[in-house]
Amino acid sequence: MRFDLPDTYWKKDVALFFSRRFALVLKMLYPIAIIVPVAASGIPGQYAAAVIGIVAIMAGTFGAGETLTSDLNDGILARVALTPLSPRKLVFQILAVNAVLDFIQLSPALLIVYVLNPAPLAWVLAATFSVFATLVAANSIGVFIANFTSSPADVLLYATAMLFPLIYISGFFRNQDPAGVTAVLRDFVPFAYMNDALKTVFGLATEATPLAIILYPTIICAVLVFAVCLTASHLLSPRF
Amino acid sequence: MPLTTGLRGGRYNSRAMRSNTENTLPALEAMKIGRLYRSSGRGISEVDLRVERGEVFGLMGPNGSGKSTLLRVLSTAIAPDSGGFRVCGVDGLTEKRKVRASMGLMVDRPTHYDDLTGRANAYFFARAYGMEEAKAEGALAELFDYFDLAEYADDKVKTYSYGMGKKLALIEAMAHGPEVLLLDEPSLGLDYTSQLAYQRRIRDLAGSGVAVLLASNQVDEVESLCDKAAFLHRGKVVAEGTPEDLISRVEGVRRIVATLRNPVEYGSLTEVGGVQRVVPEGRDLIIHCEERPGIVADVVAGIVRSGGDIVNLSVQRPNLEDVFVKLTGEALRDEV
């Protein structure tokens, strides 16, 4: 598999990811710099879980959204869209590769969290998967936002506006014991499952099971990805 | 994971898509295309165009005349408000991906992935158009060599000059062997040698049956390279024909080209009897005027009165720019 001569969109993104060495070092270090001190400290588990969750959400949403709007502004994405490639497959590749690259960034920090807070293997796997699902969901939100703006600065604004209620519903800081409508809504937010899994890793008891942590976000993310891929033609069209 | 997601066995092959029937069809046919931008109200309307296989067709018009809009519609980047077009008989509105596969495209402001090498950029696009690995590498090696870019092929694009970026965009447009080439201001920014190489290549491609539609205001280029040309003015085609035919429509017009040592205020020149228009181009003043006895002397006197120091002067036959001026009363290129 050659990355020096990329023959697919995702390989191109991987090649770009590794070509900017200084940026790569920063990307790999900042999750460690934020997450590890929190995980190693004695702060309550729900807050440690919340910090990791916020880092994952921000990395996913801003990463995909900013990269996309930047490429749209530049015109290069519109040029790629004028090749015979399927726009939906292109958007799928954008989503998938961004989620995987974000996951690579977070993996060392997660590994250290697991070393510092040993948990049953099933929960480690569930937590790891839920972080990946969060990244997929966050990237989907980033790509969705790129449909409405071509300004990377606007992405930050719109993302914040969209993420605040979702983070609230997920119970990162407040709404930790939701009831009624918020409890129902919480079940539809993939971030909530990550929060439950990470809380368990940090030794707190939750009602979630590893199976639920893997199964429900998978379904939700599949729907999200499908929906975002449907916007491909609009997303990749030139902006005037 | 294969990039190529073509219609036939996962591979597009535009040349293979031709059939005998298709060969009798025009390579590109636009029918009453209209597209207006809501924000500015500008765009194109009722544009008919026909480019045959092996024909080089020049599209000329001043900024905002609709050249780029027309190319955007024909490249399937934007949908027209009305009308339609066919590429080698394939409907451009309903079969976009098939049409895209048969076209090579160079946009007016080419962009690339700056952190990838020139070769990686070109290879990515070649594969996106369905070329097989070995063919893509072979075609690109030949093109990089042809455009004198081989030495820089493995440098990151962010180190490229503007002209090198344009050459890379040409390579990306040509590598997959398209049946139709859409080029927007292709030679702008190319050095002299590269322009010659590009023009030779276009003629060779046309010779092998490729249809080329190029939007350009480089009058010399269109005159020497194009079999046919059309003028766009305020979104409409105002004239079409071979360059010779178009130029023959201008009778009794001359252009005086005066190279000045220093720039001068030349507004008073337009008051000289018979002068229709004055356009500065670098150190040159281009004076479009009627053909009458004594006009050259009057123009020279006018320049001298304006403080101009003439270092070179030539009186030239009319060109396509004069045709456009005569047709529309406006200049092809921006006047000061």
Side-chain angles (χ1 to χ4, degrees), chain A residues 1-24 26-27 67-97 100-101 150 229 232-240, chain B residues 1-7 11-12 14 37-40 43 69 72 75-79 96-117 119-133 136-137 140 154 156 158 169 172-173 176 182:
Chain A
M1 192 181 293
R2 295 177 68 178
F3 289 99
D4 58 331
L5 289 180
D7 58 2
T8 59
Y9 194 91
W10 72 268
K11 282 186 194 168
K12 182 273 301 172
D13 267 359
V14 171
L16 283 174
F17 182 78
F18 288 103
S19 70
R20 301 167 189 143
R21 287 187 188 143
F22 182 66
L24 178 64
L26 288 182
K27 280 178 184 175
T67 309
L68 256 181
T69 47
S70 167
D71 281 359
L72 284 167
N73 272 333
D74 201 30
I76 184 70
L77 203 50
R79 174 70 188 91
V80 174
L82 291 178
T83 65
L85 297 174
S86 153
R88 287 178 189 169
K89 284 183 181 172
L90 261 178
V91 171
F92 179 78
Q93 287 192 42
I94 290 170
L95 264 177
V97 73
V100 170
L101 292 175
S150 53
C229 286
S233 295
H234 176 261
L235 178 72
L236 300 178
S237 58
R239 310 284 168 92
F240 300 111
Chain B
M1 183 189 292
L3 174 84
T4 47
T5 49
L7 301 175
R11 295 275 160 188
Y12 281 102
S14 57
Y37 296 111
R38 288 184 196 93
S39 53
S40 64
T69 303
R72 281 176 188 144
S75 66
T76 74
I78 56 175
K96 285 184 187 173
R97 289 175 59 199
K98 213 169 174 180
V99 162
R100 287 169 184 167
S102 61
M103 285 197 297
L105 179 64
M106 178 180 177
V107 296
D108 50 350
R109 279 170 292 182
T111 53
H112 303 95
Y113 292 105
D114 288 350
D115 283 308
L116 295 182
T117 64
R119 194 191 306 278
N121 269 278
Y123 185 78
F124 171 69
F125 278 103
R127 296 297 303 258
Y129 277 99
M131 289 190 88
E132 288 169 10
E133 188 177 337
E137 288 186 28
L140 291 178
D154 295 315
K156 286 188 175 179
K158 65 184 174 190
E172 289 167 357
H176 57 285
L182 300 184

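Throughout, protein chains are lettered first and strands after them, A, B, ... in sequence-line order, and every chain is numbered starting at 1.
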Q: With rounding to the nearest 0.5 Å, note down the distance linking CD in B:E137 to CG in A:L5.
A: 6.0 Å

Q: Given side chain to side chain contact (heavy atoms under 4.5 Å, CB included), test A:K12 with B:L116 step by step and report yes or no.
A: CA-CA 8 Å; A:K12 182 273 301 172; B:L116 295 182; 3.6 Å; yes

Q: Any chance you could lay out the side chain to side chain contact (heavy atoms under 4.5 Å, CB included) test for B:Y129 and A:L85, step after step, and finish with the verdict?
A: CA-CA 8 Å; B:Y129 277 99; A:L85 297 174; over 6 Å; no

Q: How long is the gap from OG1 on B:T117 to CG on A:D4, to the nearest 0.5 Å?
A: 7.5 Å

Q: Quick check for you: to the nearest 0.5 Å, what is the distance between A:R79 atom CZ and B:H112 atom NE2?
A: 8.5 Å

Q: In Å, rounded to the nearest 0.5 Å, how long is the span from OG1 of B:T111 to CG of A:D74?
A: 4.5 Å

Q: Is B:K156 close to chain A through its backbone or its side chain, or both, or neither, when contacts mean heavy atoms under 4.5 Å?
A: side chain

Q: Can you tell if the side chain of A:V80 reaches within under 4.5 Å of the side chain of B:Y113, non-hydrogen atoms only?
A: yes

Q: Does some side-chain heavy atom of B:F124 sit less than 4.5 Å from a side-chain heavy atom of A:D7?
A: no

Q: If you round to the nearest 0.5 Å, how far is CG of B:N121 from CD1 of A:I76?
A: 6.5 Å

Q: What residue in B:R38, B:R109, B:R100 has the most heavy-atom pairs under 4.5 Å with chain A?
A: B:R100

Q: If you measure from OG on A:S237 to CZ on B:R72, what distance do you get to the nearest 0.5 Å?
A: 12.0 Å

